[in-house]
Amino acid sequence: MTNPWNESTRSSRPTRPTYLPPHLRDQPTITITIPASLARSSPRRGRGGGGGRVRGGNGSGFRGCRTANPSRSYGRSGENFSENDPNPYRPNVMRQPPFHISEKFDELEVIDDDEDPSSDVNNNMNAYDETPVETSGFDVPPPVTLFSEIDFCSALSDNIKRCKYVKPTPIQRYAIPVAMAGRDLMACAQTGSGKTAAFCFPIISRILKDYHHLKSSSPTMMACPLALILAPTRELSCQIHEETKKFSYKTGVKVVVAYGGAPIVQQFRNLEKGVDILVATPGRLVDMIERAKVSLRKVKYLALDEGDRMLDMGFEPQVRKIVQQMEMPPAGVRQTMLFSATFPTEIQRLASDFLSNYIFLAAGKVGSSTDLIAQKVEYVHDVDKKIHLVNLLRAQRANEKHALTLVFVETKRGADALQHWLSMKGFPSIAIHGDKVQMERERALRSFRSGLTPILVATDVAARGLDIPHVAHVINFDLPRDISDYVHRIGRTGRAGKSGLATAFFCDKNTPLAKALVELMQEANQEIPPWLNQYAETSYAYGSGGMQSSRFSGIKFGGHDYRRGANNESYDYSKQLGDSTVKESYAAASSPFSLHNSRADYPTSSQADSFSDGFYSHMLDYRSVVASGWD
DNA sequence: AAAAAAG
């Protein structure tokens, strides 16, 4: 079989990882980059080799830590931190990155359908098999088991195979049929479980089927995309762009990205060549619309990645402007899809402004924490954090030589300071935050991905969505105020069936977070240090009148359809359907809410009342919990 | 209270 990806690039294969500046990315060349997570380390088709995203566990070493004595160090053998490091980092020595970022099409091939189902790929993805999925809404299309059950066009199917998507993850199994049916969707699924593909495949497929004859992608001065994908950070929009481009390879569907910090002229040039799917961050998009370079009047599909983030305080006005005041067709005319690992109740309520008769999906037991991530919390005084971190990294270096470690801090200044300290102490590290120029941000990410600097010190700019293979350890040097942020941060590890480790440094000022943290860890079957339980109890009183308890303390942080409330005053289900008779039918036996693949320990919809008392409520459609007296 | 997102 001939493989165009293979042939076309063979001669131009570079010898080292190459950065492709934005202005070159949409050239019809062969040097399009694709995320390393989807590239194979060997150009040969095979069952054993390769470093694809669905490939086998790096985590055997860390898995042991989950049951290890928490007071001990991270060494598999439990040795204590060694002061004399045999392999100190010397900045002047040329270092070889351990991870070759081979992002070339010629390393991808179409795999045959006879792929051994018992290969390591599938075994790891089976970690998701028992994931419970909650659906609510009317006439939910049935889920599929295989990609082949969905009527994608052959070019898209080929791309899916090339990307080694062997079998849909739970969120893909449910969300793709919903999206293909043209329904609005709010989807809540664990980090790293394939949300991007879940909205990308249907968008590409439906553009091909319904709109491609319109030739809307022919060159124009005013770009009129058919689909708009919004993301909260520049790097995430880049990543989505790369993925989407890969999925639409050879389909004729054109994908363009627009984000701040990069020359706008180059992005205009890309737009002028035609665009079907526009991936953007809000600020740059508004700018382009105001300059009349982009019009949203033809948008048929709107996807908000990290949907809860896009609608929280910082972003909501901008996003509302884009969706409601810039010629975008109204809800019900366009199709709207929101995806995230977390959906706080208040945000769900806001989001219903953008949705029409939508279906709510929740895949996975908690907001994120797949059991694949081992979570540890250590009590560390503020002043001791730096030395504690160095000790931790030292122990880790002895065992996990090439493990990537992502360290989250609270502030931009703090990120620079800590990165500097780590470099002084002999740990190759780099920092990323919003005060750096875009080039530096992208350079930092690349350097981290490749393993050249295996420690990345980051603010929340890197908390969401970024898919970085080989991140074995996430350290919350400073814990976030918001439990959702914690969920997203630790979700940078343990992706696509792999396991990972998350360590948090807890100090007194994190008391307001304690309760939510304990509940989250309990749900993920993690060992809770007794002292943390003490803090959790004080944090009840702590936030009793405050924001933390009402908004983030565990019980409301999203994962259930808020429409579920039987007497939900603030949500009129019938109004949304435009049919006053619907409310009766909703109250009647034919409930639009159901639960699939349920396990014994997972609540059914009839147990909705108990949600208000426990952690399961963060899995609730907010339409149900409002009525439970939480306000 | 901080971070992100336009320049």
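Naming: A, B, ... by sequence-line order, numbering from 1 per chain.
Donor-acceptor pairing under 3.5 Å, judged by distance alone, is absent between the side chain of R481(A) and the base of dA2(B).
Listed candidates were dA6(B), dA2(B), dA3(B). Nearest to the side chain of T281(A) is dA6(B). Among the nucleotides dA1(B), dA6(B), dA4(B), the one closest to the side chain of D287(A) is dA6(B). For Q318(A), counting side-chain heavy atoms from C-beta on, the closest listed nucleotide (dA5(B), dA2(B), dA3(B)) is dA5(B). Side-chain atoms of T411(A) lie closest to dA2(B) of the nucleotides dA2(B), dA4(B), dA5(B).
Rounded to an integer number of Å, the gap from R413(A) CZ to dA2(B) C1' is 13 Å. If you measure from atom CZ of R489(A) to atom C1' of dA4(B), you get 13 Å, rounded to the nearest angstrom. Here the C1' atom of nucleotide dA5(B) and the OH atom of Y259(A) are 14 Å apart, to the nearest Å. For N476(A) and dA2(B), the CG to C1' distance is 14 Å, given to the nearest whole Å. In this structure, the NZ atom of K412(A) is 5 Å from the P atom of dA3(B), given to the nearest Å. Distance, L513(A) CG to dA2(B) P: 17 Å, rounded to whole Å. Here the P atom of nucleotide dA5(B) and the CG atom of L285(A) are 14 Å apart, to the nearest Å. Protein atom CG of D460(A) is 9 Å distant from nucleotide atom C1' of dA4(B), rounded to whole Å.
The aromatic rings of F201(A) and F247(A) lie perpendicular to each other, with more than 60° between the two planes, well past the 30° mark. Classification of the F506(A)-Y379(A) ring pair by plane angle, with boundaries at 30° and 60°, yields tilted. Between F505(A) and F477(A), the ring-plane angle classifies as tilted under the 30° and 60° cut-offs.
Applying the 4.0 Å criterion to OP1 and OP2 of dA5(B), one finds that T233(A) has every side-chain N and O outside that range. The phosphate of dA6(B) has OP1 or OP2 within less than 4.0 Å of a side-chain N or O from R234(A). An OP1 or OP2 oxygen of dA1(B) is reached within less than 4.0 angstrom by no side-chain nitrogen or oxygen of K509(A).
Heavy-atom contacts from other residues, nucleotides or ligands closer than 6.0 Å to CZ of R320(A) number more than 12.
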Legend entry - Audit row: Q325(A), I289(A), side-chain contact (heavy atoms from CB on, under 4.5 Å) steps and yes/no: CA-CA 11 Å; Q325(A) 293 160 29; I289(A) 293 170; over 6 Å; no
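Across all strands shown, G314(A) has heavy atoms under 4.0 Å from base atoms, whether or not it also approaches the sugar-phosphate. At a threshold of 4.0 angstrom between heavy atoms, the contacts of R464(A) with the nucleic acid are absent.
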